[in-house]
2 protein chains.
Amino acid sequence: MRPTIYDIAERAEVSIATVSKVINNKGKIGEKTRQRVLAIMDELDYQPSTVASALTGKQTNTIGLLVPDIANSFFAELARSVEDTGHASSFNVVICNTDNNPEKEIQYLWWLNQKRVDGIILGTGIQNSKALQDFMKQKIPLALVARDASTIDVDTVLVDDYRGGYEATKHLLTAGHIRIAFVVGEMNNSSDTERLKGFYEAYDEHGVSREEAVIVKDNNSIGDAKNSMRQALQNDPAITAVFALNDFLAIGCIQAGKEAGRRVPGDLSVVGFDDTFIATLSDPPLTTVAQPILEMGRLVTQMLIDRIGGKNETTRTIILNPELHVRETTAGIKEAERDVTGS
Amino acid sequence: MRPTIYDIAERAEVSIATVSKVINNKGKIGEKTRQRVLAIMDELDYQPSTVASALTGKQTNTIGLLVPDIANSFFAELARSVEDTGHASSFNVVICNTDNNPEKEIQYLWWLNQKRVDGIILGTGIQNSKALQDFMKQKIPLALVARDASTIDVDTVLVDDYRGGYEATKHLLTAGHIRIAFVVGEMNNSSDTERLKGFYEAYDEHGVSREEAVIVKDNNSIGDAKNSMRQALQNDPAITAVFALNDFLAIGCIQAGKEAGRRVPGDLSVVGFDDTFIATLSDPPLTTVAQPILEMGRLVTQMLIDRIGGKNETTRTIILNPELHVRETTAGIKEAERDVTGS
DNA sequence: CTGAAAGCGCTAACAA
DNA sequence: TTGTTAGCGCTTTCAG
């Protein structure tokens, strides 16, 4: 069996209280006894049980992270950042894939609560806000990332989605594009709707009728985006640009464009969102609205840890600015026409 | 404060033993009391503390997963599979990013031990095998995935790397390629060396001198693979094909090839390894040796859970077959020549 | 500086 | 069928 504090105490001929003190170096203990205890702990490969100490009111040093799908690069990169930041403060992180399924979402919440994690980061929308309210009675520190939930009072880190949508669209409109496809997944969260608002705002500002915009929905997979886009291109050949709400969708659109004989960016400009590593892998490299993923992860995690530690009286919301990274999937419409006639 | 078993007992006017029994539905309890207790538990949002029950010898229902980097698609997909499988049996998973750093590796191992996780999946090499041996004295169930370690006796799931290397190379040799670049990262694990053996085996079998092969190393990042490959192509223009040990490296090579004016697959054929989702995103879609990632995750996790549950007396090793997925980055050397002359 | 003892929330005999 | 009680391994007063 694993040695316990009693084993150490016995071998060192001291009381368990003394051992406990050297473990947490608290109180005053003679240097000699301290060394002796330390030596024995080492000799027996002793490790204090987090389980036992948690029972006495101490932390579990574990936080939970809910995301829709860790296999999705955006969340994988976010998770990496969260874990790194947690690790730096001796926290472990438990990952939970919710698939945006409301039942899984709250199930995980309660599971984590039962395990007495010290805090939870929500990187996923919580569809069932009533259930969330209920859960919050448990008073587990919570923090939100990349998803807004103005109805509840929690620490939050997000990107200015409205602005991201605006910048991307402005980039396209300025290049002369009029008929732009707005490619979105389910459109079931605040990020999507905010980006759409920014999208329309740019239209208004450029004096272009919102009628010119075409909204394309899909089930948020690359394959489906490709199909929807192909469809859209058929129905409406006047489309010369697309703004996709994440890099995956954008790549699906590029594929659809190529298959439809459109050169990118010659005949079709594409802007994505997120700037995960796939944006640079794409051919051509994808112009996209970059979210500072690593920083977002770092910030939420730090906020959560601070709150766990009892700092942070009032809840805070940090809004980061997205940044348009212009690469090679966007071109001016003039250029496009020249290309077309020239060939 | 959160309600405890005492609160429930008091309100229900029964003893804590009774409450405990209904929680775990053990022993015999009258249907009436059972209902009453259940109702109260529900009313108070009571959740038994895993921490407390773990202290009495029960499981924590948590497993650890060590990987080099969750942001790497291969491991992200693996993690997803592990988490799904764990979830189905009510286990949560703690992720640990080791960066292949020996110190982080064992640190995580001990952390997890201290938290009394029920088992650990190693999806990363453990460089320090002496430290591992030491750790194993703790008798925490361990399982290995995607990495061989014949020196220690643990359940293992892996892919036949030798065969994967052989198949990929054979595909290229059969197509007429002779001078093939073998692009690898650090070459610090058994997978890499096994694949290399398979690579050479194919050379031998085709009666081609091993001298024709050129080994290209890099620091296992896409950018570095690109640089190394560019270099290699300059030094040795006779290279007509590359076998890269993962899809990232393969994409780096495609980029290098394109920049060097080589058409893919016209002037340069590329085969990757893993078949993560980026293989299909690539342009052109990447020919690659597919590892059954999801199945690997499912299998290790299930093995580990079985062992935790006390089944699985003897340790097992499951070897899965990789499968060459031929897509569009490989072409015959003849074809390539025709292309060149024809243009 | 060191130790005795109570208690954290739950499980599991063992009684009743 | 239900309750009493002794731990699980550790922290934390409070005495010495």
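Values below: every heavy atom of this structure, side chains too, minus hydrogens, waters and symmetry copies. Lettering of chains follows the sequences in order, A, B, ..., and the numbering in each one begins at 1.
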A.B. asks: Can you check whether any acceptor in the base of dC10(C) is under 3.5 Å from a donor in the side chain of Y6(B), or vice versa?
C.D. replies: yes
A.B. asks: Could you tell me if D161(B) and S191(B) have a donor-acceptor pair between their side chains, going purely by distance under 3.5 Å?
C.D. replies: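 Yes.
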A.B. asks: Students often get this wrong, so: under 4.0 angstrom with heavy atoms, is V51(A) touching a base, only sugar-phosphate, or nothing?
C.D. replies: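 If one applies the 4.0 Å heavy-atom cut-off, V51(A) turns out to touch nothing in the nucleic acid.
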A.B. asks: Think K21(B) has a side-chain N or O under 4.0 angstrom from the OP1 or OP2 of dT1(D)?
C.D. replies: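 So the side-chain polar atoms of K21(B) never come under 4.0 Å of the phosphate oxygens OP1 or OP2 of dT1(D).
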A.B. asks: Closer than 4.0 Å, any side-chain N/O of S20(A) to the OP1 or OP2 of dT11(D)?
C.D. replies: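 For dT11(D), OP1/OP2 do have a side-chain N/O of S20(A) under 4.0 Å.
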A.B. asks: E13(B) has an atom CD; how far is it from atom C1' of dG3(D), in whole Å?
C.D. replies: 14 Å
A.B. asks: Whole angstroms only, please: what is the CD-C1' distance between Q47(A) and dC10(D)?
C.D. replies: 15 Å
A.B. asks: In whole angstroms, how far is the P atom of dT12(D) from the NZ atom of K28(A)?
C.D. replies: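 One finds 16 Å between P of dT12(D) and NZ of K28(A), rounded.
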A.B. asks: When you compare the side chains of S90(A) and N61(A), does any donor N or O come within less than 3.5 Å of an acceptor on the partner?
C.D. replies: no
A.B. asks: Please determine, by modelled atom types, if D274(B) and Q291(B) share a side-chain donor-acceptor pair under 3.5 angstrom.
C.D. replies: yes
A.B. asks: Does a nitrogen or oxygen in the side chain of S15(B) sit under 4.0 Å from OP1 or OP2 of dG3(D)?
C.D. replies: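 So the side chain of S15(B) is within the cut-off, an N or O lying under 4.0 Å from OP1 or OP2 of dG3(D).
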A.B. asks: Any side-chain N or O of T18(A) under 4.0 Å from OP1/OP2 of dG3(C)?
C.D. replies: yes
A.B. asks: Identify whether any heavy atom of V19(B) sits under 4.0 Å from a base atom; if not, whether one sits that close to sugar-phosphate; answer base, sugar-phosphate or nothing.
C.D. replies: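 No contact.
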A.B. asks: Exactly one of D99(B), N189(B), T98(B) should register a side-chain hydrogen bond (donor to acceptor under 3.5 Å, both in side chains) with T124(B). Which one does?
C.D. replies: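 When side-chain hydrogen bond (donor to acceptor under 3.5 Å, both in side chains) is applied between T124(B) and each of D99(B), N189(B), T98(B), only T98(B) qualifies.
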A.B. asks: Is there a side-chain polar atom (N or O) of T33(A) under 4.0 Å from OP1 or OP2 of dT2(C)?
C.D. replies: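 Yes, within the criterion.
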